[in-house]
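Throughout, numbering of the chain's residues begins at 1 and tracks the sequence. None of these values were measured; they are calculated from a predicted model. Computed from heavy atoms alone, side chains included, the values below leave out hydrogens, waters and symmetry copies.
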Amino acid sequence: MLRLFTALTLPDDVTDTLKRRQSGLPGARWRPLEALHVTLGFYGEMDERRADDLASELSRIGGGPFEITLKGVGAFGDNHRSHTLWAGVETPNDPLSVLSGRCKKAAERAGVVMETREYRPHVTLAYLKPQTNPDRIGAWMAGHNLLHSPPIRIDRFGLYSSLLTDDGSHYELEREYLL
């Protein structure tokens, strides 16, 4: 079984800038440089035959290059407890939303059932331990919320596999698609 998702990789200068922000918060498990990406669609686990069908459908996506800009930071959570820190993607960004929608449609054509959740483009910076102090989380976000990258040219996306390990997820580029 393969656990798959599509994502945009970020250039080294952008990931280096994000990496410099990954400090100063006890309880944060910072994501390594190679894990910093913008997810387009998460497909979950599937067998190799279904994965091949998905890869084939994704190859039909075009659209041409576009730009994104990272802007601000925030946290996802529930029950008044944050569990993920992220860097945001400036919205609205119609080409990015269209690409994400096309990735979802490709999955549907391949028979892959995806979660129905609103698309909120971001780069996951850290996962937070449950005991992480909420005041420290707020202070970290206030100290980094002026994040604003230069425009990032997007001319491709990738299909990635995700292997869950004791040290977190390890991602492997399976296929790359030009826009």
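- Here the side chains of F76 and H122 are in contact, with some heavy-atom distance below 4.5 Å.
- Residue R120 qualifies as open at atom CZ: its count of foreign heavy atoms under 6.0 Å is 12 or below.
- Atom OG1 of T91 sits about 11.5 Å away from atom CD1 of I68, to the nearest 0.5 Å.
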**Study point:** Worked check of side chain to side chain contact (heavy atoms under 4.5 Å, CB included) between K19 and T15
**Key:** CA-CA 6 Å; K19 188 68 177 170; T15 57; over 6 Å; no
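- Counting heavy atoms from C-beta outward, L18 and L33 have side chains that stay 4.5 Å or more apart.
- Side-chain atoms of R136 never come within 3.5 Å of backbone atoms of P26 as a donor-acceptor pair (strictly under, hydrogens ignored).
- A continuous path of ILVMFWY side-chain contacts below 4.5 Å connects I61 to L4, so both sit in one hydrophobic cluster.
- The shortest heavy-atom contact between A107 and L54 is CA-CD1, 3.7 Å.
- Counting only heavy atoms from C-beta outward, the side chains of D16 and D13 never approach each other to under 4.5 Å.
- Across all their heavy atoms, P151 and E67 have their closest contact at CB-OE1, 3.4 Å.
- Taking both residues in full, the closest heavy atoms of R20 and T17 are given as NH2-OG1, 3.2 Å, listed atom of the first, atom of the second, then distance.
- Of the possible donor and acceptor atoms, none in the side chain of D78 sits under 3.5 Å from a partner among the backbone N and O of H83.
- Looking only at distances, a side-chain donor or acceptor of T132 sits under 3.5 Å from a matching main-chain atom of K129.
- One finds the NZ atom of K71 at 10.0 Å from the CG atom of L146 (value rounded to the nearest 0.5 Å).
- A distance of 10.5 Å separates CD of E90 from CG of L147, quoted to the nearest 0.5 Å.
- Residues L40 and Y119 form a side-chain contact, since some pair of their non-hydrogen atoms from C-beta on lies under 4.5 Å apart.
- Looking at every heavy atom in both residues, R102 comes nearest to G62 through NH1-O, 3.3 Å.
- In terms of heavy atoms, C103 sits closest to F157 at SG-CE1, 4.0 Å.
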Practice item. Apply side chain to side chain contact (heavy atoms under 4.5 Å, CB included) to M1 and D47, showing your working. Key: CA-CA 5 Å; M1 296 292 279; D47 61 36; 4.2 Å; yes
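- Under a 3.5 Å cut-off, the side chain of R156 and the backbone N or O of T9 do not form any donor-acceptor pair.
- Counting non-hydrogen atoms of neighbouring residues, nucleotides and ligands closer than 6.0 angstrom, the CD atom of E48 reaches no more than 12 such neighbours.
- No side-chain donor-acceptor contact under 3.5 Å links W30 to the backbone of R21.
- F42 and V98 fall into different hydrophobic clusters, defined by Ile, Leu, Val, Met, Phe, Trp and Tyr side-chain heavy atoms under 4.5 Å apart, directly or through other members.
- By the criterion of side-chain heavy atoms lying less than 4.5 angstrom apart, applied directly or through intervening Ile, Leu, Val, Met, Phe, Trp or Tyr residues, L2 is grouped together with Y43 in one hydrophobic cluster.
- I154 and L36 fall within the same hydrophobic cluster, defined by Ile, Leu, Val, Met, Phe, Trp and Tyr side-chain heavy atoms under 4.5 Å apart, directly or through other members.
- The minimum heavy-atom distance between F5 and S162, with the atom names listed, is CE2-CB, 4.0 Å.
- Placement of L179 and I152 within a single hydrophobic cluster is found when ILVMFWY residues are connected by side-chain heavy-atom separations under 4.5 Å, directly or transitively.
- With contacts defined as side-chain heavy-atom distances shorter than 4.5 Å, the pair V73/L85 does not qualify.
- Annotation: side chain of L8 is in contact with side chain of L96 (closest heavy-atom distance under 4.5 Å).
- Not a single donor-acceptor pair under 3.5 Å links the side chain of W86 to the backbone N or O of G72.
- Checked by atom type and distance alone, the side chain of T6 pairs as donor or acceptor with a backbone atom of G41 at under 3.5 Å.
- In this structure, H37 and Y160 have side chains that are not in contact, with every pair of non-hydrogen atoms separated by 4.5 Å or more.
- Between the side chain of Y177 and the backbone N or O of A55, at least one donor-acceptor pair lies under 3.5 Å.
- Of the residues listed (E172, E174, H170, R175), the one engaging S161 in a side-chain hydrogen bond (donor to acceptor under 3.5 Å, both in side chains) is E174, and it is the only one.
- Taking 4.5 Å as the limit, some side-chain heavy atom of Q22 sits within range of a side-chain heavy atom of R31.
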